[in-house]
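Written below as structure tokens is the structure these notes are about.
Please read all numbers here as calculations on a predicted model, not as lab measurements.
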Amino acid sequence: MIAAASRSIVVLLSASAIVAGAARAAEAQAWVPEQGEGSVSVLYQDLFVRNHLTADGVFQDNGHIQTNNLIMDVTYGVTDRLAVTAALPFIRTRYTGARPHPTVQDDGTPHSGFQDFRFGARYNLVDGPVAITPFIGTTIPSHGYEYFAHAAYGTRVRELEIGTYVAHALSAGLPHTFVQARYAFGFPQEIAGVSRHRSTLDVEVGYFVTPSIRVFTMGTGLKTHGGVDLPPAGYSALPPDIRQHHDRVARIESLDVGGGAQISVTKSIDLFGSFMRTIAGRNGHALSRGLTIGASWSFGKSGLAPLADADTQVETRTKESLIRCLCQK
């Protein structure tokens with residue numbers, strides 16, 4: 001038990017340590033658009049899973065999962081401090097391997113469909129070089145899709161999530177640099193009598209190479225409180241009443257790390273790209289390749305503020321660019 005607890009702590013804290021020197025996405029940012037302003041983002045993801053993770057954190061090749069996601073995300077400033085977000089992913093996924101689930105979804109051919117509606121609201125309590133923005137969000141399955149499959153669109157679980165963003169635009173010592181983090185605590189619906197909760201910590205460190213180009217590194221740590229460990233023999237060794245729900249009730253932990261870049265090509269259009277992969281975890285899928293590219297169009301504003309003196313306007317540049325940021329999506 002001590003070893004398991006230590007591993008859990010390492011999974012969460014390593015995310016902060018690695019990026020200070022992470023389709024599960026966080027949503028928007030610590031800074032919010034002004035009233036009447038917003039953005040429309042379109043993202044494409046190419047995800048490849050080569051290994052599954054055992055309860056002991058061992059990587060096992062139980063077949064491969066290739067997934068391509070198309071996500072549209074809309075963010076709007078209701079007031080100068082309150083912003084709302086809505087998104088819906090479209091999934092195309094395929095499983096190939098010798099251990100399929102006994103469902104059509106794992107027949108070796110691609111399957112496509114919508115996943116879960118995602119709605120959120122965030123309120124900026126503190127604005128300036130340091131921003132603090134609590135948020136609340138919900139995930140609602142779009143329809144009764146198959147969840148008992150390697151190549152499932154998702155787990156088809158309703159979830160409420162609360163948390164906060166904290167960000168800091170550094171001007172002294174490390175100019176042109178920013179740090180932001182997001183902590184979320186999730187309340188998934190109870191499945192087959194199994195209750196569990198989830199903690200997620202996302203951390204990003206970025207640097208503005210020019211006023212229009214920034215690079216960043218990021219990490220995501222996930223820990224499930226409660227849930228079920230998967231037996232070495234696989235889900236078939238679980239009790240019959242939770243066997244088909246194993247992905248929905250698993251005690252999943254993971255640590256994903258990566259990096260990327262964002263370019264502001266005009267006053268209202270940004271392009272984005274990132275790469276992430278799983279380096280540790282248990283009871284889940286290990287992401288071997290997580291490639292995301294996207295574009296964002298901002299509306300209701302004239303674009304980034306003039307930056308005649310970049311050294312003294314890092315805060316302004318950081319805030320206005322990150323409002324349109326796609327990095328943590």
Side-chain angles (χ1 to χ4, degrees), residues 22-23 25-45 69-90 117-129 131-135 137 165-169 176-180 182 202 204 206-216 218 260-274 292-310 313-329:
E27 300 156 4
Q29 303 296 323
W31 289 281
V32 301
E34 295 181 4
Q35 183 176 9
E37 299 175 358
S39 63
V40 177
S41 306
V42 178
L43 298 90
Y44 170 79
Q45 292 183 314
N69 301 333
L70 184 65
I71 306 170
M72 176 170 285
D73 176 285
V74 179
T75 297
Y76 181 74
V78 180
T79 71
D80 288 348
R81 291 187 176 272
L82 175 64
V84 294
T85 301
L88 177 63
F90 182 80
F117 292 108
R118 303 178 186 186
F119 303 100
R122 64 193 199 276
Y123 185 83
N124 180 230
L125 285 179
V126 178
D127 191 16
I132 301 175
T133 305
F135 70 89
Y165 297 92
V166 178
H168 183 31
H176 320 303
T177 303
F178 68 91
V179 180
Q180 63 177 340
R182 170 186 181 270
D202 304 305
E204 177 196 2
Y207 177 77
F208 281 90
V209 180
T210 73
S212 300
I213 302 174
R214 67 187 190 85
V215 295
F216 54 87
M218 56 186 177
Q262 181 173 345
I263 301 174
S264 299
V265 295
T266 71
K267 291 183 177 181
S268 60
I269 296 177
D270 292 82
L271 301 179
F272 159 87
S274 71
T292 301
I293 58 174
S296 179
W297 170 68
S298 300
F299 58 86
K301 67 185 301 180
S302 59
L304 299 177
L307 295 173
D309 185 352
Q313 298 191 49
V314 174
E315 176 190 337
T316 300
R317 178 179 59 193
T318 300
K319 176 180 176 181
E320 296 200 357
S321 178
L322 292 181
I323 285 173
R324 311 189 302 178
C325 175
L326 306 177
C327 51
Q328 288 194 356
K329 296 180 185 294

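The line from CD1 of I263 to CZ of F272 is 12.0 Å long, rounded to the nearest 0.5 Å. For the atom pair F90 CZ and I71 CD1, the distance stands at 12.5 Å (nearest 0.5 Å). Within the model, atoms CD of Q45 and OG1 of T292 stand 4.0 Å from one another, a figure rounded to the nearest 0.5 Å. One finds the CD1 atom of I213 at 12.0 Å from the OH atom of Y207 (value rounded to the nearest 0.5 Å).
The two atoms that bring H168 and W31 nearest to each other are N-CH2, 4.3 Å, heavy atoms only. Nearest approach of G300 to E37, heavy atoms of both residues: O-CG, 3.2 Å. Listed here is the closest heavy atom pair of N124 and I132: ND2-O, 3.4 Å. Annotation for Q35 and V78: closest pair CG-O, 3.3 Å, computed over non-hydrogen atoms. The two residues V42 and M72 have their closest heavy-atom pair at CG2-CE, 3.9 Å. The two residues F216 and Q262 have their closest heavy-atom pair at CE2-N, 4.3 Å.
Judged by distance alone, with hydrogens and angles left aside, the side-chain atoms of S296 form no donor-acceptor pair with the main-chain N or O of S41 at under 3.5 Å. Distance alone, capped at 3.5 Å, is enough to place a donor-acceptor pair between the R122 side chain and the Q29 backbone. At distances below 3.5 Å, not a single donor-acceptor pair connects side-chain atoms of R182 with backbone N or O atoms of Y165.
Partner S39 forms a side chain to side chain contact (heavy atoms under 4.5 Å, CB included) with one of D270, I269, T75, T85 and no other, that one being T75.
D73 places none of its side-chain heavy atoms less than 4.5 Å from the side chain of R118.
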What do the steps show when you test Y123 against L125 for side-chain contact (heavy atoms from CB on, under 4.5 Å), and what is the final call? CA-CA 6 Å; Y123 185 83; L125 285 179; 3.8 Å; yes

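Classified by interplanar angle (parallel below 30°, tilted 30° to 60°, perpendicular above 60°), the ring pair F299/W297 is tilted.
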